[in-house]
Protein chains: 2
Amino acid sequence: MTVKSFSNILSTHDHSLPMYQKIKEHILEKIAKGEWRANQKLPSENEISAELNISRMTVNRAFKELTEEGYLFREKGAGTFVAEPFQLIPFFELMPISKELAIEGNPFSSQVLRLEKAQDSHKICERYFESRDNESLFFSEILYKNEKTPLQYEKRYVLTTFAPHYLTQAFHKACSTVYLQTLSPILSQKHTLEAIIPNKPLSQLLEIPNTEACFKVVEILLIRGKIISYAEQFYPASRYKFHSKI
Amino acid sequence: MTVKSFSNILSTHDHSLPMYQKIKEHILEKIAKGEWRANQKLPSENEISAELNISRMTVNRAFKELTEEGYLFREKGAGTFVAEPFQLIPFFELMPISKELAIEGNPFSSQVLRLEKAQDSHKICERYFESRDNESLFFSEILYKNEKTPLQYEKRYVLTTFAPHYLTQAFHKACSTVYLQTLSPILSQKHTLEAIIPNKPLSQLLEIPNTEACFKVVEILLIRGKIISYAEQFYPASRYKFHSKI
DNA sequence: CAGTGGTCTAGACCACCAC
DNA sequence: TGGTGGTCTAGACCACTGG
């Protein structure tokens, strides 16, 4: 790649934008115009820094950011390449139930059905916590309502060591998810979304006919990869829809 | 801030991790432990680089990345501070079915059940296209399979003016969504996700017992706000789960 | 004013890759 | 083996902030 692809970049003495920004925009323009196509190799950091008479670190910053933004990909020892154009992938947000109702300004109430030390913690640890230790667990069953309409039934296990005061909570202002999130700033989480047909007790709890489906959300909370809570949440599908963002 | 907050970082000669990573983790740990709280000021880049006897650029990279990740915020001329803990809102991606199977390296086949000019376009325009004009529409019914297992049933209406060659497509390599996306670079889209219990014809098509729920996705494709396609897609819930990307 | 972060330089060493 | 990107250094100048 000996072609001078960057020579028409504005002079180094134009300080309206930082140099790495100018490089980024120049590259994006080439890609947008189709001048550089997917999987095509870009000039190396050394070539560009030599051509523009700037430091390699500056070129590196431009390349690194464009890579993080998904426009390029890099291979150690090989080079930097134009990435495949990406598609708009729609996604659905899932907010904690209390947060969601609060945002919409709806009243929120919770009915604690059970809140106790778990009996069969050994089995639960093995099944849901990926742990062979018999760790001590709390168990809760909560029904969250919008005004008087059930919106979510949740059963949850929590490590007692993580949330020692869990049993004293009323979950009046915040749902269990939000409560646990406040306990640690470094909580991470995984969710799985399924669709199910509720069994009879569940449909009675949620006050829906058993001809109606439910969303089932499995929520796993982790700290540095260790599971500290496992929950299953059920939403009546008639009262809950996901709308895509983007 | 004269306290030596970083002195217990592993020696510079430990090359198991890049230095900026070690700094990042050290900072995250302090935040996690509550040692540094929200809005608290961190030592400056200069202080840390002096204390650890490393370059300021290395500290800068750690700070910059933690800021991009939302853990810190910075103010020019003032300093670097711990950010408010943020809530992780999980979201679920919905990829076009052919793209999803391609990524997972699965075989993909499609069975076109119907592909024709729509009969009752006037009603359809009014109901789904927010249009009182009687615009000409194509109609398709397609069953997408992974190997021989049905994965998605889709019915779709498309403006004939947008996709004049729609009837000649076989949808062997790309599903209808991807085909339509290739026709215009400025397509936007809206999706709605519901859970339903399938009726008998649908459960037969998808080859599932009628005790099993389905995801129903409504996909609306638009160009500059004008709807050009309306589709309903049904996924058997037993064969399809959404996993959150945080 | 002194200190801060934002940017940039002109080198350097390394692991990795293609040849 | 020579080129690539990943990382790091020891300086530097600037605009901006706070006291």
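On a predicted model such as this, the values are computed, not experimentally measured, just so you know. Quick note on labels: first sequence line is chain A, next is B, and so on, each numbered from 1.
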[X] [atom1] - [N] [atom2] separation (whole Å):
| X | N | atom1 | atom2 | answer |
| --- | --- | --- | --- | --- |
| B/Glu75 | C/dG6 | CD | P | 11 Å |
| A/Asn46 | D/dG5 | CG | P | 8 Å |
| B/Gln21 | D/dT7 | CD | P | 8 Å |
| B/Glu45 | D/dG11 | CD | C1' | 15 Å |
| B/Arg61 | D/dG6 | CZ | P | 8 Å |
| B/Lys41 | D/dT17 | NZ | C1' | 11 Å |
| B/Leu72 | C/dT4 | CG | P | 16 Å |
| B/Asn53 | D/dA10 | CG | P | 7 Å |

Looking only at side-chain atoms of [X], point me to the closest of [options].
| X | options | value |
| --- | --- | --- |
| A/Phe63 | C/dG6, D/dG5, C/dT9 | D/dG5 |
| A/Ser55 | D/dC8, C/dA10, D/dG11 | C/dA10 |
| A/Arg56 | D/dT4, C/dT9, D/dG6 | D/dG6 |
| A/Asn60 | D/dG6, C/dG6, D/dC8 | D/dG6 |
| A/Ile54 | C/dT9, C/dT7, D/dG6 | C/dT9 |

Compare side-chain N and O positions of [X] against OP1 and OP2 of [N] and report whether any pair is under 4.0 Å apart.
| X | N | value |
| --- | --- | --- |
| B/Ser44 | C/dT4 | yes |
| B/Thr80 | C/dT4 | no |
| A/Thr58 | C/dT7 | no |

Fill in the blank from the handout: Result for 5'-nearest mapping on DNA chain C, choosing between A/Tyr20 and A/Lys76, is A/Tyr20

Exercise for the section: Mind telling me whether B/Phe171 and B/Tyr179 have parallel, tilted or perpendicular rings, with 30° and 60° as the class edges? Expected result: perpendicular

Practice task
Calculate, to the nearest 0.5 Å, the distance between atoms CG and OG belonging to A/Leu159 and A/Ser131 respectively.
Solution key: 8.0 Å

Problem - Between CD on residue A/Glu154 and OH on residue A/Tyr235, distance to nearest 0.5 Å - result: 8.5 Å

Practice task
Check step by step if side-chain hydrogen bond (donor to acceptor under 3.5 Å, both in side chains) holds for B/Asn39 and B/Glu84.
Solution key: CA-CA 7 Å; B/Asn39 300 309; B/Glu84 298 281 347; 3.1 Å; yes

Practice task
Hunt down the Watson-Crick or G-U wobble partner of C/dC13, both distances under 3.5 Å, from any strand shown, or write none.
Solution key: D/dG6

